[in-house]
Each structure stands twice: as structure tokens, then as C-alpha cells.
Amino acid sequence: MTDAGAPRRRGRGLPLRAGRRVPWERQAPTWREARPALIADALKRAAAMPSGNWYVLGASRAVGAGGRPFGRTIAGTEVVAWRDASGALRAGPGACPHLGAPLRDSRVVCGVLVCHWHGLALRGGEPFAGWQPLPVHDDGVLAWVRLDEAGGEPPLDRPVVPPRPEHGAVDAVFETVGRCEPEDVVANRLDPWHGSWFHPYSFTDLTVVGVPDGQAESDAFTVDVSFKVAGRLVVPVRAEFTAPEPRTVVMHITEGEGVSSVVETHATPLGPGPDGRPRTAVTEAVVAASDRRGFAAARALAPALRPLIRWTAGRLWRDDLAYAERRYHLRSTGRFPG
């Protein structure tokens, strides 16, 4: 990784700072640094990483919530997931082996998935009449399913989950769907230069201080940026963006407030929509931590904080999906300049 500057020192005082008042149009242009070839090379390296055929189903709390099955089509494969009597995650093909009923609309009774057409019970996810359970993984924040036929890679026992704060973290998961492919979502995250220009309501003083060169052990984009809080108040941090597998980009806070906190962006292909264009689910997991005493209160208020975190992520993704969808549109019509 090439480094354009040393990390900015930050003390252990209050994390808030008074940010500079720089009009949007007077920011330093970043288009020269945001070289299309640099982003494309990072995207190629991400695509070459092994995924083990694991795909994000959704938030762990959402899968099996209320005792209902959770259904989703992933990479053209219909999947149903639920919780058994012990709360363990289960999943399998989304069509009933009897007459093809959509199991996502069925019921879970005492941990058993019961088809609502004719009452066929899939007990514990055991194989039945050609219906085979699918490997799953619940990491406590996200639920995953392994689809070997769709992925086509050598399977891994577990998904490639990046390191997260070990203790006392607050997590929240936001999800949306875009008309694009996973690579367009990943490309958006591998372009940190757009932050202050495209999201001026959230970021300021963004400087990319390190870029990957494809040779170093840490294939990361390193960014100094200030998150806006209110008015001129900002929280400055240093963050690294890495791609641990083809459909995931992770932002790690490495300096400043919230060191070890992560924001994971996972792109899951769903299949074509009614208009024939591909659909991709964007699942963003925020896992925040802090060693400040007051953070204990934040953990206690986590249920109330999660909607606010999701709202903040949703605001950013309204813009970033426009980026990803535009990129797909240009690529699919042969007009993408990168």
C-alpha cells in the first residue's frame, strides 16, 4: 500500500471537533486521484477472492423472526430459512418437494417447517423426497446460506466473515435492493474518493492517504475523514476499506473514535426483476464499539439506536445505489468509461 501521509494524531479527549466551513464547490477535486484503472484493479482482486459459495440471507434477527419462515431468491435459487425449536438456523430449497408450494409462505410449528398447501412437515431440515437442507451459518449479526451449485467454487465450512469487535458492541443491519449486479455495489465501496462530494451531508475533510498496489499484504484503501454530527461538529477518524471476498467490502475504523468498529457491505445477487434487469440485495452491517465509559449506555439503548443507525445507512444508500445502478446501466450498454 502506498501512503500519502502519516496518520493524524488524535487524543483521548472528547471525540467531537469543530469542522472547517468549506463550501461544497470549493472542495479539492478528487477525480484525478480516483483513477478508473486503480478502482478496476481493486475490483478484479476482490472478484478473485474465495467466497466458499456463501451468500448473506439477511440480518440474523430477521431470519425466523416471529416464528415465520424467511424466503429469498439468491442467484436464481429459491431459498427458505427458519429457526428450529432450539433457535438454530435451518434452510433449504424454497419449493415444497410435494407439489412445489412456496415454503416462504408456509408456517413454522414448534420448530418444524409445515407446508401450507398439504401439511408436509420438514422436520429439522432432514432430506425428504429429493429436498435437501442447505448449509447455513449464523454469526450473530448476519445469517448466511451456502449455495454450491450457484457459486461454483470449492466450498468452505464457514463464510469469510471479517474481524469484528469482540465485546460490548452495538450492531444494526440495513438492507435495500438495487437494479445492478454485485460488482457495481463493490465498485462503489472501492471508490472512497466520492465521499465528501456525493455525501456532503455526512462527510467532510475526506482524504485518501493510502491506496492498494496489489503487492502489499494489506490490500486496503486508507482514508482520513470526518463524520458530521450536527452543525460544524464532526468526529474525525482513520478508516481502511478492504474486500475479504468477492461480494463484501469492509470499512474498519483504525484510529480515532470507535477504533475496531466495522461497517460491512454485502452484495447478494437475487436474479432478474420483472424488467429483466438484475437485482442485488445490499446488506450493510454496522458493528460499533468504543472503550469510553458512556458507551455502556449506548449498549443498553441498542434497541432504540438501531432504527437511527439504519436510517443513517439508508440515507447514504439512496445515493450509493444511484451510483451502482448508473454504473450497471453504462456497463450493460457498452458506455462505461472505466
Side-chain angles (χ1 to χ4, degrees), residues 15 46 49-65 81 87-89 135-146 156-176 182 185-186 189-190 192 217-223 225 227 235 237-268 281-314 316-317:
M49 299 290 285
S51 74
N53 304 324
W54 288 96
Y55 298 83
V56 170
L57 268 170
S60 180
R61 292 183 186 88
V63 178
L89 181 65
V136 292
H137 179 74
D138 187 346
D139 63 33
V141 178
L142 299 173
W144 303 71
V145 63
R146 199 180 80 198
L156 296 176
D157 291 337
R158 296 163 65 94
V160 183
V161 180
R164 294 172 176 160
E166 293 184 0
H167 304 289
V170 173
D171 66 89
V173 179
F174 168 79
E175 186 175 280
T176 188
V185 174
V186 173
R189 278 296 182 260
L190 296 179
E217 292 184 6
S218 178
D219 196 16
F221 292 89
T222 304
V223 176
V225 63
F227 292 90
V235 176
V237 302
R238 173 163 285 190
E240 288 187 352
F241 291 80
T242 58
E245 59 110 66
R247 293 177 291 275
T248 299
V249 177
V250 183
M251 182 188 77
H252 288 88
I253 302 296
T254 59
E255 289 187 35
E257 185 63 21
V259 168
S260 81
S261 298
V262 299
V263 178
E264 303 172 9
T265 301
H266 302 274
T268 302
V282 177
T283 306
E284 186 150 286
V286 178
V287 187
S290 175
D291 58 2
R292 293 183 182 276
R293 294 178 184 176
F295 196 73
R299 291 196 298 271
L301 294 173
L305 288 175
R306 288 188 183 107
L308 176 60
I309 296 172
R310 287 194 292 267
W311 179 87
T312 301
L316 289 168
W317 271 107

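The structure presented is a predicted model; accordingly, all values stated were derived computationally and were not measured.
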Stepwise side chain to side chain contact (heavy atoms under 4.5 Å, CB included) test for T268 and R247: CA-CA 7 Å; T268 302; R247 293 177 291 275; 5.9 Å; no
Residue pairs passing the side-chain hydrogen bond (donor to acceptor under 3.5 Å, both in side chains) test where at least one lies in residues 53-65, sequence neighbours excluded: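 For residues 53-65: N53-D148, S60-R83, S60-D138, R61-D171.
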Please report the closest heavy-atom contact between [X] and [Y], naming both atoms and the distance.
X    : Y    : answer
P165 : V287 : CD-CG1, 3.7 Å
A243 : A46  : CB-CB, 3.6 Å
V262 : P163 : CG1-O, 3.6 Å
S51  : P246 : CB-CD, 3.7 Å
G258 : I253 : O-CB, 3.4 Å
V141 : A285 : CG1-CB, 3.9 Å

Would you compute the distance between atom [atom1] of [X] and atom [atom2] of [Y] and round it to the nearest 0.5 angstrom?
X    : Y    : atom1 : atom2 : result
L57  : E175 : CG    : CD    : 9.5 Å
E264 : R164 : CD    : CZ    : 4.0 Å
R146 : D157 : CZ    : CG    : 7.0 Å
E255 : E240 : CD    : CD    : 9.0 Å
T222 : H252 : OG1   : NE2   : 12.0 Å
L190 : D219 : CG    : CG    : 9.0 Å

Any [X] side-chain heavy atom under 4.5 Å of [Y] side chain:
X    : Y    : result
W317 : V185 : yes
V250 : P244 : yes
M251 : E284 : no

Step-by-step side chain to side chain contact (heavy atoms under 4.5 Å, CB included) determination, V225 to V237: CA-CA 6 Å; V225 63; V237 302; 4.0 Å; yes
H266 vs L142, side chain to side chain contact (heavy atoms under 4.5 Å, CB included): CA-CA, chis, key distance, verdict: CA-CA 10 Å; H266 302 274; L142 299 173; 3.3 Å; yes
Heavy atoms from other residues, nucleotides or ligands near CZ of R158 exceed 12 (cutoff 6.0 Å):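 At most 12 heavy atoms, drawn from other residues, nucleotides or ligands, come within 6.0 Å of this atom.
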Single hit among V282, T283, V186 for side-chain contact (heavy atoms from CB on, under 4.5 Å) with T265: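 Answer after filtering V282, T283, V186: V282.
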Worked check of side chain to side chain contact (heavy atoms under 4.5 Å, CB included) between V63 and L89: CA-CA 8 Å; V63 178; L89 181 65; 3.4 Å; yes
Check: S290/E257 side-chain N/O donor and acceptor closer than 3.5 Å: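 There is such a pair between these side chains.
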